[in-house]
Amino acid sequence: MSAERPAVVVEDTGDPAAIERALEQVDELGTVVLAAPISRPEAMIDLYADLHVRGLTLVTAPPDDG
Amino acid sequence: MHPRVKAAAVSGLETALTSFGYERAELALARSEVVDWARTRAQATRARTSVLGGLAVVVTGRGRAELRPVDRPLAGAGEITVEVLVSAVSPGTERAQWLRLPNAQPDFPYAPGYSGAGRVIAAGPGAGLDVGRTVAVARLPHASVATVPASWATPIPDDVDLAEAALVYMAIISGYGVQRAELQPGEPLGVVGAGPIGLLAQRLASLRQPGEVTVMATGRRREALALRGGADRFLTAQDEVDGVGAVKVIEATGDPHGLATAVTATAPGGTVVLLGSPRGATPSAILADAQRKRLRLVGAHVSALATEAKRLEHDPFQALAGGFLEALGNGALAAGDLVGEAVDPREAQLTYRRLARGEIEGAHFDWRRVPQAERTRPRSLAAPPALPRSGARLTARDVAPPAAEGTLRFALVGCGDVGLHNARALAAARNAELVISHDPVPALAQVVADEVGGEVAATLEGALDPARVDAAFLCVPHDLHAPLVQEAAAAGLHIVVEKPLANDLAGARHAVDAAAEAGVALSVCFPYRYEPAMQMARDLVHGGALGELRGATVVFHADKPESYWVGGFSGRAQSGWRSNLARSGGGVVIMNLTHYLDFIQYVTGARPSRVQAVLRRSPGSEVEDGVAMTVEFEGGALASISGSASTRGAPASRFELWGDDGTLRLEPEPSIYSERAVGGAPAGRWCSLPEDPDFDARVPFVEEFAAAVLEGRAPEVSAADGLAVQEWVEAAYRSAEHGSAQTVGKALPA
């Protein structure tokens, strides 16, 4: 485990750009929790560089749970 | 190496290569090959081994791939050197790279490929694998030889097909996706995508006894493969997938639509594994949908497996590879229907092109199709790098001597310019003899006899004497071709007529009928076919170098002086027949382009169906000295043919033929470019064809005709060939006259 990166990041804004940043910041094979509803569903998000390549897990909490 | 030193070395290397004429893509390739050459020798020196030569597929630019010579160090400690027998083409990654899709744009030149199988030919200390063992190797580029860490290789169980074993890295990728799904026995499983990765994932997942398995794809082409692999149902984009309700779904397409399908097909609270590499950004709306269903999205790129490997005490790559090969070996898993078409690695460019066009869904390079001596070659440390060649060249084959014994005795009728050329060919031919020459101008015939030998006949009847000659070679004005063919045939002589067959189509048909009725051979002098480059071109085209013919271009240029029209090029025989339309039948089309028209039909077998032509005549001239012609062939190929007899300066003519898989340039500078591995020409690289400016193609033409007659068979240049050219010429003239496209061969009743 990297000392610089957390194993879990909770993303609480729902903004796609912030979600990308959360994905960047979590450790390899780490987990990002989407705790807020997606705010701009029309925006695009890169799932390749981090979620896919670094083997992350994205746990989604439904909007009413956020 | 210190970065500054490295930069200086690379800069110096580029300067040196540029001074040798390398530029752009060739410069990048040469630089890469020199660096690779140096790296290989450094590795071999460090490991105290030697080097081995082989071949590797290299993508050198957009749409360009070729087989390049490479050197590899022999195995050092913990390594093995593998003679690669099969390497699997990944239709996902490699197709994406070929198309330069997002997230799949490696710098040129790059070496594609990452999975294969072969035989261990060297093993370093501690490798743990015996020489001679067949192994499946992950992370293996498409190359005939490779030296890799022994940990990348897994022994192949007996009776497992090499092509199936070569899928090992794809199985690791797919198996990792299954692993990340944490699939439990009895859980319903969905797989989105029915390419090799998706179907391998489905089959590997099926070994874990899941519940209902649903495969989803854009179309039904792969349905049978999915069902054969254990899927319970197969759905397409047209089907409703929200009822699938799979607890685990593996997305194996990388396409945003595929991810949307996966999210829809997953049961609330389920897991979607991202196995396919996303090609571009994903709409956040899909994440919003996943969020509403409280899904878990799990990335499963093989890079993450490498991260896991660092954290584990065992090698997860070996575990996945071993599991795959064991399942193949014990029959729990079958993958023979996923290996795709076996292709020759020399045809890598064609393979990628077909893959990109969707003509094939998978493939594997079968290196055994390449001669062994090219696949593994001993190389010394001191051997220089094999830089990109400025141009490959095929060497001319020897002209075979005539098979049949005996000599065909000829009478030459017409001793003008072309008559003298043909007389010399008759004298040089090993199975022909010029016995009699005749010309209405006796002095011309005497010149022939003085130079070449034989007698001079004062009369035509004296020349066409079946007691003294077997054949007649007619080199007379075009309007006399058909009448003299009839006379010679009536005398029982075999006949060669200088091209064209006649001055018009009706005459040509009369000539053919006369020869047929008399039972004699009739041929038209098209010696162009026998040029060394043309013979080689024919062999290459017949071997499939062009694939399906798509087009042809002829641009013929000559600068005929005014004196030509009254005395030919030499002025030996003064006559105005060439500029008399009734006598010649026409100008540049019938006089010059006929060679090209014959060759196109000869080498490709294509038959013209429709022709549209316009002619240009000089003021006061009856025959054309310029033509522009478009041609449509049966089968759909098109040709653009133009000719001019008055192009000042007579620039080089152009003659090119091209098809799906290659291009043949015959003028100027004969050369061929083919994506097919045919006849020793390097696939994917222009290759020069042999030229010999001193070669007299009329000699092998005469020899072939004489051999045909002596052997009792039809000559290679048949009367039908001559007639086919005549029909084409006639259609062009008819088109010019009517101002509309004309059907070839329909002018007169057959």
Side-chain angles (χ1 to χ4, degrees), chain A, chain B residues 96 101-105 173 176-177 179-182 251-252 254-256 258-260 262-263 266 268-312 316:
Chain A
M1 186 181 298
S2 164
E4 291 79 21
R5 294 182 175 186
V8 178
V9 171
V10 177
E11 205 299 307
D12 199 24
T13 71
D15 181 77
I19 296 171
E20 280 189 355
R21 281 199 300 278
L23 293 170
E24 285 169 19
Q25 286 165 9
V26 76
D27 195 13
E28 317 281 322
L29 300 168
T31 299
V32 171
V33 180
L34 288 191
I38 304 287
S39 61
R40 292 186 293 125
E42 75 284 358
M44 303 298 282
I45 187 164
D46 179 8
L47 297 182
Y48 175 75
D50 292 294
L51 178 64
H52 181 57
V53 170
R54 299 200 300 119
L56 309 183
T57 297
L58 191 64
V59 176
T60 65
D64 54 351
D65 286 2
Chain B
L101 298 182
N103 302 325
Q105 299 172 347
I173 291 168
Y176 184 52
Q179 194 171 295
R180 294 284 278 164
E182 298 177 2
E251 200 298 303
D255 185 279
L259 182 56
V263 167
T266 307
T271 297
V272 175
V273 174
L274 276 67
L275 181 57
S277 295
R279 306 293 174 201
T282 303
S284 296
I286 298 175
L287 284 190
D289 290 341
Q291 193 173 37
R292 276 189 284 275
K293 296 176 78 172
R294 207 173 188 155
L295 304 187
R296 206 167 61 105
L297 271 59
V298 179
H301 190 276
V302 74
S303 301
L305 183 62
T307 305
E308 286 196 27
K310 293 175 192 165
R311 299 177 183 178
L312 298 169

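By convention in this document, chain letters (A, B, ...) are assigned in the order of the sequence lines, proteins followed by strands, and residues within each chain are numbered from 1. None of the values given here were measured: they were computed from a predicted structure.
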Exercise for review: Specify the closest pair of heavy atoms between Gly14(A) and Ile19(A), including all atoms of both residues, with the distance to one decimal.
Suggested key: O-CD1, 4.0 Å
Review point. Between Pro16(A) and Ser39(A), which heavy-atom pair has the shortest distance, and what is it?
Key: CD-OG, 3.9 Å
Practice item. Could you tell me the separation between the OG1 atom of Thr266(B) and the CZ atom of Arg296(B), rounded to the nearest 0.5 Å? Key: 11.5 Å
Check your understanding: Between Leu56(A), Val59(A), Thr31(A), which has the largest tally of heavy atom pairs under 4.5 Å with chain B?
Key -> Leu56(A)
Point to revise | Rounded distance [0.5 Å steps], CG in Leu312(B) versus OG1 in Thr307(B) | key: 10.5 Å
**Study point:** Closest non-hydrogen atom pair between Thr60(A) and Ala290(B), with its separation
**Key:** OG1-O, 3.3 Å
Study note, to complete from the structure: Under 4.5 Å to a heavy atom of chain A? For Leu275(B) that would be backbone
Revision key, fill the gap. Interface check, chain B: of Asp46(A), Asp50(A), Leu51(A), Val53(A), most non-hydrogen pairs under 4.5 Å belong to Val53(A)
Study note, to complete from the structure: In terms of heavy-atom pairs under 4.5 Å with chain A, the winner among Leu305(B), Val298(B), Val272(B) is Val298(B)
Check your understanding: With only heavy atoms counted, which part of Leu34(A) is less than 4.5 Å from chain B, the side chain, the backbone, both or neither?
Key -> both
